[in-house]
There are 2 protein chains.
Amino acid sequence: MFEPVSPVRAYERVVEQIEEAVFTGRLRPGSRLPSERDLMTQFGVSRSTVREALRVLQSNGMIQSRAGDPRGPEVLPASPKNLRKSMSRLVRAESMSLAELLQFRMVLEGSAYLLAARLRTDAQLAEMEAAVRSMSDATGHAEFSDADVAFHDAVARATQNTLIVVCSNVVRGVVLDLIADRLAAAPDRQALMSAYLRHHSEVLQAIRDRDGELAARLARQALYDYYADWVPEPERDLLAALVTS
Amino acid sequence: MFEPVSPVRAYERVVEQIEEAVFTGRLRPGSRLPSERDLMTQFGVSRSTVREALRVLQSNGMIQSRAGDPRGPEVLPASPKNLRKSMSRLVRAESMSLAELLQFRMVLEGSAYLLAARLRTDAQLAEMEAAVRSMSDATGHAEFSDADVAFHDAVARATQNTLIVVCSNVVRGVVLDLIADRLAAAPDRQALMSAYLRHHSEVLQAIRDRDGELAARLARQALYDYYADWVPEPERDLLAALVTS
DNA sequence: GCGAGTCTACTGGTCAGACCAGCGTACTAG
DNA sequence: CTAGTACGCTGGTCTGACCAGTAGACTCGC
């Protein structure tokens, strides 16, 4: 029941103090940490200890080091990159069923499109329209998926909710991994792509009309239409129930 | 546009290979890594490099080392702890607002209660009823919150969707941290507790009746009623819009 | 035969000192 | 004023050393 006042490990103390400096704003993003050799004298520890502390901070996305840069390690602005990493780790580690993942996506992506439809600016709408146009003009898979990413990105910014976007994106990635082989073997990939495009156009129209409810329903419907075939029968009903709700 | 086949930094290669072994299941939770001295010969790098790699893995919550343990570093099971850490970090850096977190909770918890209402077994319903009874009988804060945990746990099991439950739990924890100090200063804590209990009873009734839609709406409404006061005016409307949808 | 204590061979944590390639800056040559 | 270069520092890696701590074997008294 005793919580040690200061961490036992030397490197943990270093991590903690630097973290504190960042959180309290004493170290702002873009500013530089002292060099490793300076830090070791400041904290009274060896360079290996300093380095281990810096590695931890780096793996947490708080700093970035470049070999040879005399200005020292850079303090990075907070970014959802790490959230994405730990989320992805968690999703990958728990062996979850496809149905579970799709349920999650239907719930979150529905809300994402709802928010995007209500909050989007005209500029963001224009970005989405351009992305969908690129998709329909695309000649190869690479172009198509690049445009797809651009579309999702524009939607993400419009929602103004990082958390919803990051979580659904991560799960989207895992789902794609999960069915990648089955998708590659699909005989009618061209048909899938054009169906995909059609769904996007419909959703885009709903976003244009600022009809959040419709956009949400379309997004859930699209997910169901795509993936239901890959979900075993008994679980499929669970997804169907979420389409309309 | 060139993606290096193998990371430039030596320690990154080590991290990647061990991560890979964990993800593919070659290294299961509970099993042990070779000692640092063994790893350095296996990977052909120095001990400092091995240690930096292990520090990264440790900070990602994948392994745990104890000084002196001859069995070597232990591979840990996946846990949402890290997810929560990176989320808290974003909140502290003010790149994520309370409104965002609550939006997320309204979306996910709504679905959680919807699923629980539809899928719950009679035994699970009994557990929930017992928990709510414990809450109303509770004399102290500790008892009350223990019973609350039990209730949420029963609901979580009923949903059959780990991901939804884990994510909303993590965010719930972050939100509680965020308003902990403000809550402690609240003059009418007793009133808050009884309002909390009332909401739970209502949701329980909906779950008993297997009315998923109602349970979801009540859950969202409860979140709004509780937290809206703490959300700055301009963002509050976003939450209100999600109550009924 | 069996538990209590001890011993030991390892572990991870930390330190010191060294070398290298890489980078920014200030100085230099044109 | 610009192009080029040399310098002094940086981070990345390595070697080798010492210490405190631990698990498991080993011993001893019963």
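Sequence lines set the chain letters: A, B, ... in the order given, protein chains first and strands last, and positions in each chain run from 1. All figures in this text were calculated on a predicted structure; none of them were measured in a lab. Atom set for the values below is all heavy atoms of this structure, side chains included, hydrogens, waters and symmetry mates excluded.
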Exercise. So, the side chain of A/Thr121 versus the backbone of A/Gln124: is there a donor-acceptor pair under 3.5 Å, distance only?
Worked result: yes

Exercise. Which residue pairs pass the side chain to side chain donor-acceptor pair (under 3.5 Å) test when at least one of the two sits in residues 35-44 of chain A, sequence neighbours left out?
Worked result: A/Glu36-A/Arg47, A/Glu36-A/Arg51

What is the distance from [atom1] of [X] to [atom2] of [N], rounded to the nearest Å?
| X | N | atom1 | atom2 | result |
| --- | --- | --- | --- | --- |
| B/Glu12 | D/dG11 | CD | P | 16 Å |
| B/Tyr11 | D/dG11 | OH | P | 13 Å |
| A/Arg13 | C/dT14 | CZ | C1' | 11 Å |
| A/Arg32 | D/dC9 | CZ | P | 18 Å |
| B/Asp69 | D/dG21 | CG | C1' | 10 Å |

Exercise. Tell me, do A/Val22 and A/Leu57 make a side-chain contact under 4.5 Å, heavy atoms counted?
Worked result: no

Exercise. Is the shortest heavy-atom distance from the side chain of B/Ser88 to the side chain of B/Ser86 under 4.5 Å?
Worked result: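 SC-SC contact between B/Ser88 and B/Ser86 ruled out.
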
Exercise. Considering only heavy atoms, which members of residues 54-67 of chain A lie under 4.0 Å from some atom of DNA chain C?
Worked result: A/Arg66, A/Ala67

Exercise. Counting only non-hydrogen atoms, which of residues 38-47 of chain A are less than 4.0 Å from DNA chain C?
Worked result: A/Gly44, A/Val45, A/Ser46, A/Arg47

Exercise. Among side-chain atoms of A/Ser59 and B/Ser59, is any donor-acceptor pair under 3.5 angstrom?
Worked result: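 A/Ser59 vs B/Ser59: donor-acceptor pair found between side chains.
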
Exercise. Are any of B/Ser48's side-chain N or O atoms less than 4.0 Å away from OP1 or OP2 of D/dT15?
Worked result: no

Exercise. Is any side-chain N or O of A/Ser35 closer than 4.0 Å to OP1 or OP2 of D/dC9?
Worked result: no

Looking at [options], which one has an atom nearest to any side-chain atom of [X]?
| X | options | value |
| --- | --- | --- |
| B/Thr49 | D/dG8, D/dT13, C/dG12 | D/dT13 |
| A/Pro73 | D/dG11, D/dA23, C/dT14 | D/dG11 |
| A/Arg51 | C/dT14, D/dT10, D/dG11 | D/dG11 |
| B/Arg71 | C/dG12, C/dC19, D/dG24 | D/dG24 |

Pair up each side-chain donor or acceptor in residues 98-114 of chain A with any protein partner under 3.5 Å, not counting sequence neighbours, and list the distances.
{"residue": "A/Glu100", "atom": "OE2", "partner": "B/Thr162", "partner atom": "N", "Å": "2.8"}
{"residue": "A/Glu100", "atom": "OE2", "partner": "B/Thr162", "partner atom": "OG1", "Å": "2.8"}
{"residue": "A/Gln103", "atom": "OE1", "partner": "B/Asn161", "partner atom": "ND2", "Å": "2.6"}
{"residue": "A/Arg105", "atom": "NE", "partner": "A/Glu109", "partner atom": "OE2", "Å": "2.7"}
{"residue": "A/Arg105", "atom": "NH1", "partner": "A/Tyr227", "partner atom": "OH", "Å": "3.4"}
{"residue": "A/Arg105", "atom": "NH2", "partner": "A/Glu109", "partner atom": "OE2", "Å": "3.1"}
{"residue": "A/Ser111", "atom": "OG", "partner": "A/Val107", "partner atom": "O", "Å": "3.1"}

Exercise. Got a sec, which residues hit ring pair (Phe, Tyr, Trp, His ring centres under 6.0 Å) with A/His200, two or more places apart in sequence or on another chain?
Worked result: A/Phe151, A/His152, A/Tyr196

Tell me which donor-acceptor pairs under 3.5 Å the side chains of residues 166-175 of chain A have, and how far apart each pair is, sequence neighbours excluded?
{"residue": "A/Ser168", "atom": "OG", "partner": "A/Ile164", "partner atom": "O", "Å": "2.8"}
{"residue": "A/Ser168", "atom": "OG", "partner": "A/Val165", "partner atom": "O", "Å": "3.2"}

Problem set entry | Within 45° cone and under 6.0 Å: B/Arg13 NZ/CZ vs B/Phe43 ring | no

Exercise. For the side chain of B/Arg37 and the base of C/dG12, is some donor closer than 3.5 Å to an acceptor across the two?
Worked result: yes

